[in-house]
Amino acid sequence: MAIDPPATVREAALVERLREALAAKGDDYTPRTALLNADGSPKYINRLILEPSPYLLQHAHNPVDWRPWGEEALAEALERDVPVFLSVGYATCHWCHVMEEESFDNEVVAAVLNAHFIPIKIDREQRPDLDQLYITATHLQQGHAGWPNTVFLRGDGVPFHTGTYFPREAFLDLLAGVRQTWDDKREEVDGVAIRFNDALRRQHKIDAPDSAPPNEETFKA
């Protein structure tokens with residue numbers, strides 16, 4: 001029987017909904033995870049079990065408490081006053097799967113993500129609009145970009161830090177650093193987010209106030 005992901009306590013209605021979704025997959029369904037019960041059933045189920053995207057379904061049994069993109073997840077980030085951890089990838093992305101195996105299917109990493117962030121997964125082939133927006137953000141800040149695209153957002157969806165693939169220990173260090181900056185240097189976070197918002201509006205042909213052209217240093221907290 002599946003259990004709640006690390007550092008989470010779920011409402012009974014959600015637990016039942018996810019169990020029903022798993023049962024509906026049928027006997028031929030093979031969960032993609034190393035975390036299995038003795039009978040071969042997945043130890044965890046998250047909200048991605050409800051999604052039609054094959055890529056998102058690959059992550060439906062990670063201990064990370066993934067959400068699909070949507071107002072509900074962003075609103076929860078605002079309510080809890082925590083950042084969003086956004087991971088964008090696609091089904092045939094090699095490094096996406098490496099990061100999944102190293103970090104997203106790891107209970108220690110999942111406990112940190114679940115406790116201190118709202119984790120959201122996006123399939124870039126399903127949402128090319130969001131993929132384009134957030135890959136632009138990573139390129140603006142890092143000078144390069146790729147997948148998995150790793151982006152930290154405020155609850156309004158505006159990014160403040162970006163990256164791509166991180167090995168597990170480096171990823172844990174990154175999560176700790178982002179959390180500390182969020183807690184102790186919120187003005188710096190908001191300043192970077194404002195500059196990102198301005199630059200992204202320009203890049204995507206949305207009206208924005210006049211300002212100096214952005215460069216990589218513009219987006220450092």
Side-chain angles (χ1 to χ4, degrees), residues 55 64 66-67 69-70 73-74 77-78 81-90 93-100 102-104 109 112-113 116-221:
Y55 173 66
V64 175
W66 291 116
R67 278 84 159 163
W69 177 267
L74 296 175
L78 289 170
D81 190 28
V82 295
V84 170
F85 168 69
L86 175 66
S87 178
V88 185
Y90 58 100
C93 168
H94 170 75
W95 289 107
C96 298
H97 298 318
V98 172
M99 194 163 178
E100 177 192 9
E102 291 180 344
S103 294
F104 302 148
V109 175
V112 175
L113 280 170
H116 304 294
F117 300 85
I118 297 296
I120 296 179
K121 251 295 177 191
I122 290 178
D123 179 351
R124 69 177 292 250
E125 295 178 329
Q126 182 186 49
R127 292 299 306 267
D129 54 334
L130 295 173
D131 173 59
Q132 184 180 27
L133 180 68
Y134 291 116
I135 204 74
T136 299
T138 302
H139 197 274
L140 284 170
Q141 188 176 54
Q142 304 298 336
H144 61 88
W147 298 272
N149 192 22
T150 297
V151 190
F152 296 89
L153 317 175
R154 301 188 308 187
D156 59 1
V158 178
F160 64 89
H161 191 66
T162 64
T164 53
Y165 162 77
F166 294 89
R168 182 189 301 163
E169 293 307 315
F171 186 52
L172 284 168
D173 289 344
L174 173 66
L175 295 178
V178 169
R179 179 190 174 195
Q180 182 174 10
T181 300
W182 179 267
D183 290 341
D184 300 339
K185 300 179 180 179
R186 188 68 64 87
E187 289 185 3
E188 293 185 20
V189 168
D190 290 338
V192 173
I194 289 168
R195 295 191 290 276
F196 257 128
N197 191 51
D198 178 57
L200 290 171
R201 287 164 69 85
R202 287 177 173 279
Q203 289 280 338
H204 290 271
K205 311 301 182 184
I206 303 171
D207 291 338
D210 290 337
S211 64
N215 57 51
E216 291 174 39
E217 291 304 312
T218 304
F219 306 103
K220 303 299 182 185

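Any value given below was found using the heavy atoms of this structure, including those in side chains, with hydrogens, waters and symmetry copies removed.
Using cut-offs of 30° and 60° on the angle between ring planes, the pair Phe152 and Phe117 is tilted. The aromatic rings of Tyr90 and Trp147 sit perpendicular, their planes meeting at an angle over 60°, well past the 30° parallel limit.
Between Asp123 and Arg127 there is no salt bridge, since no side-chain nitrogen of the basic residue lies less than 4.0 Å from a carboxylate oxygen of the acidic one.
Pro159 and Leu200 make their closest contact through CG-CD1, 3.8 Å (heavy atoms, listed as atom of the first residue, atom of the second, distance). The shortest heavy-atom contact between Thr138 and Gly163 is CG2-O, 3.8 Å. Ala77 approaches Gly155 most closely through the heavy-atom pair CB-CA, 4.1 Å. Residues Pro148 and Cys93 come closest through the heavy atom pair N-SG, 4.0 Å. The two residues Phe160 and Gln141 have their closest heavy-atom pair at O-NE2, 3.6 Å. For Met99 against Thr150, the heavy-atom pair with the smallest separation is CE-OG1, 4.2 Å.
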>> Applying side chain to side chain contact (heavy atoms under 4.5 Å, CB included) to Thr162 and Phe196, what does each step give before you reach the verdict?
In response: CA-CA 11 Å; Thr162 64; Phe196 257 128; 4.1 Å; yes

> When you look at Arg179 and Val112, which way does the side chain to side chain contact (heavy atoms under 4.5 Å, CB included) test go after all the steps?
Replying inline: CA-CA 10 Å; Arg179 179 190 174 195; Val112 175; over 6 Å; no

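Separating the CZ atom in Arg124 from the CG atom in Asn149 is a distance of 9.5 Å, to the nearest 0.5 Å. Here the CG-OH distance, from Leu153 to Tyr134, works out to 4.5 Å after rounding to the nearest 0.5 Å. Separation of atoms CZ (Phe171) and CD (Glu102) is listed at 11.0 Å; rounding is to 0.5 Å. For the atom pair CG (Leu86) and CZ (Arg67), the distance works out to 13.5 Å, reported to the nearest 0.5 Å. Atom CG of Asp198 is separated from atom CD1 of Ile194 by 10.0 Å, given to the nearest 0.5 angstrom. Note that OH of Tyr55 and CD of Glu125 are 10.0 Å apart. Values are rounded to the nearest 0.5 Å.
The neighbour count for Arg168 CZ, taken as heavy atoms of other residues, nucleotides or ligands under 6.0 Å away, is above 12.
The shortest side-chain heavy-atom distance between Asp190 and Arg154 falls under the 4.5 Å cut-off. You'll find the side chain of His161 stays beyond 4.5 Å of the side chain of Thr181, heavy atoms only.
A distance below 6.0 Å separates the ring centres of Trp66 and Phe104.
A donor-acceptor pair is defined here as one N or O able to donate and one able to accept, closer than 3.5 Å; such a pair exists between the side chain of Trp182 and the backbone of Asp81.
A side-chain contact (heavy atoms from CB on, under 4.5 Å) with Ile118 is found for exactly one of Leu78, Leu74, Val82, namely Val82.
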